[in-house]
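Both backbone and side-chain heavy atoms feed into the values below; hydrogens, waters and symmetry mates do not. If you read the sequence from its start, that first residue is 1, and numbering goes on from there.
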Amino acid sequence: THWVIFAGADRAAALSAADALANQSFVIVLVGAGIMFVAIFILYGRIAEPVRRLSLVMRGATPGKAVTVVGRKGATEVLTLAEDFDKLMLTVKSELAERLNSEHAAMISERNYRMLFDGHPQPMWLYDLDTLGFLEVNSAAIELYGYSREEFSHMTIADIRPIQDVPKFLELQGEPAPTYDRSGPWIHRYKDGTTVQVLITSHTVTFGSHRARFVLAEELTTSQRLELEILQSKARADSSLELSRAKDEMVSMVSHEMRT
């Protein structure tokens, strides 16, 4: 600020000049303040307010509304941010919907499998190929074999075999098993000590983190038992016949040697 000294000048003229200078300064201040307010208003309209609206949309996580709420009068950077947010929200919404649909389908599949597995009239179970421990058993296995689900969870498949068959059974478990197999008859032992002959259908599966095998056990029907007894009788008869023939050949050979 510069001081102006009027020496020997008229007082009224000096005061008039000072008032004019003050008025000029006041006008300059008013104009500057006006320009500043206009700039703030423009800044608020183009950046601050769109950012505030965008923040509200983000908090509400409503996809597809960011650009609409911000408005086309917002700053380019804010509009770009709003568009990116809309794209992100649409992508998240789509992926979330796909995930929910997949989980729903998996839940229905698991429920159907559980109903098929647990409601099947034949005994079924899953066992771990490494430990031979039972992983899952159905209601038919619990009812027929006499063990509770909790008891099965602490047992291995060797525990339902007759004690005398266990060594041979464990030896067979060391051999590679085909992916799908149907074999038997095998002898299984119930909790009360009684035994039953069963045919086993099994195949290799992955159950959670376990290498497992799914098993269906079918008790031999009366006709199957009769057919088995006939086959065993025939095998014994053939074996006896072969043994008799071998004995006759040996006796004949010895007699021949004695004569010569």
Side-chain angles (χ1 to χ4, degrees), residues 102-240 243:
S102 298
E103 290 179 353
H104 182 65
M107 183 177 65
I108 293 177
S109 177
E110 182 179 355
R111 183 180 62 189
N112 292 339
Y113 169 79
R114 175 65 62 178
M115 291 176 61
L116 178 63
F117 175 78
D118 204 50
H120 199 281
Q122 298 288 358
M124 292 181 174
W125 55 80
L126 285 158
Y127 72 90
D128 190 299
L129 285 173
D130 297 317
T131 66
L132 303 184
F134 285 99
L135 298 173
E136 285 283 349
V137 294
N138 71 349
S139 298
I142 294 172
E143 181 179 353
L144 292 176
Y145 283 74
Y147 298 99
S148 67
R149 197 178 299 275
E150 177 67 19
E151 288 174 319
F152 267 119
S153 68
H154 298 290
M155 296 168 56
T156 70
I157 55 174
D159 295 326
I160 60 173
R161 307 278 178 164
I163 296 176
Q164 64 273 18
D165 292 351
V166 171
K168 182 62 177 177
F169 169 73
L170 294 178
E171 181 182 341
L172 292 174
Q173 293 304 305
E175 300 177 0
T179 302
Y180 175 85
D181 188 35
R182 181 172 174 81
S183 61
W186 301 95
I187 299 177
H188 282 186
R189 179 170 55 86
Y190 294 155
K191 185 177 182 179
D192 62 7
T194 59
T195 58
V196 62
Q197 289 182 304
V198 296
L199 293 175
I200 294 295
T201 303
S202 65
H203 62 88
T204 304
V205 297
T206 299
F207 185 74
S209 60
H210 301 272
R211 292 192 316 113
R213 199 161 184 88
F214 172 83
V215 175
L216 182 147
E218 302 173 83
E219 183 178 354
L220 289 185
T221 63
T222 302
S223 60
Q224 287 173 330
R225 283 196 296 270
L226 290 174
E227 183 179 354
L228 178 62
E229 290 174 1
I230 291 172
L231 291 175
Q232 289 175 338
S233 298
K234 185 177 183 299
R236 285 194 295 269
D238 291 343
S239 178
S240 298
L243 181 60

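With hydrogens and angles disregarded, a donor-acceptor distance shorter than 3.5 Å links the side chain of Asn138 to the backbone of Gln122.
Atom CD1 of Ile187 sits about 12.5 Å away from atom CD1 of Ile160, to the nearest 0.5 Å. Annotation: the span from Thr204 atom OG1 to Arg211 atom CZ amounts to 8.0 Å, rounded to 0.5 Å. The OH atom of Tyr127 sits 14.5 Å away from atom CE of Met155, with the distance rounded to the nearest 0.5 Å. In this structure, CH2 in Trp125 is found 8.5 Å from CG in Leu216, a value given to the nearest 0.5 Å. If you take CD1 on Ile142 and CD on Glu150, they are separated by 11.0 Å, rounding to the nearest 0.5 Å.
For Tyr190 and Tyr145, the ring centers are positioned less than 6.0 Å apart.
The two residues Ala140 and Pro123 have their closest heavy-atom pair at CB-N, 3.8 Å. Nearest approach of Ile163 to Pro167, heavy atoms of both residues: O-CD, 3.6 Å. Leu170 and Ala158 get closest at one heavy-atom pair: CD2-CB, 4.3 Å. Here the closest heavy-atom approach between residue Arg213 and residue Val205 is recorded as N-CG2, 4.3 Å. Between Ala217 and Ile200 the shortest heavy-atom distance is CB-CD1, 3.8 Å. Nearest heavy atoms, Arg149 versus Glu136: NH1-OE1, 4.3 Å.
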* Run the side-chain contact (heavy atoms from CB on, under 4.5 Å) check on Thr131 and Thr156 step by step: do they pass? -> CA-CA 8 Å; Thr131 66; Thr156 70; over 6 Å; no
* Please assess Arg161 against Lys168 for the test side-chain contact (heavy atoms from CB on, under 4.5 Å), listing each intermediate value before the final yes or no. => CA-CA 11 Å; Arg161 307 278 178 164; Lys168 182 62 177 177; over 6 Å; no
* **Residues Ile157, Phe169; criterion side-chain contact (heavy atoms from CB on, under 4.5 Å); working and verdict** => CA-CA 10 Å; Ile157 55 174; Phe169 169 73; 3.5 Å; yes
* Apply the test side-chain contact (heavy atoms from CB on, under 4.5 Å) to residues Thr201 and Tyr180: give CA-CA distance (whole Å), side-chain angles for both, the deciding distance (0.1 Å), then the verdict. => CA-CA 8 Å; Thr201 303; Tyr180 175 85; 3.5 Å; yes
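The shortest side-chain heavy-atom distance between Leu116 and Met124 does not fall under the 4.5 Å cut-off.
Atom CG of Leu172 sits in a crowded spot, with more than 12 heavy atoms from other residues, nucleotides or ligands closer than 6.0 Å. At most 12 heavy atoms of other shown residues, nucleotides or ligands fall within 6.0 angstrom of atom CD in Glu143.
Ser202 and Asp181 form no side-chain donor-acceptor contact under 3.5 Å, judged by distance and modelled atom types alone. Judged purely by distance below 3.5 Å, without hydrogens or angles, the side chains of Thr195 and Arg189 never pair a donor atom with an acceptor atom.
Ring planes of His203 and Phe214: tilted class, angle from 30 to 60°.
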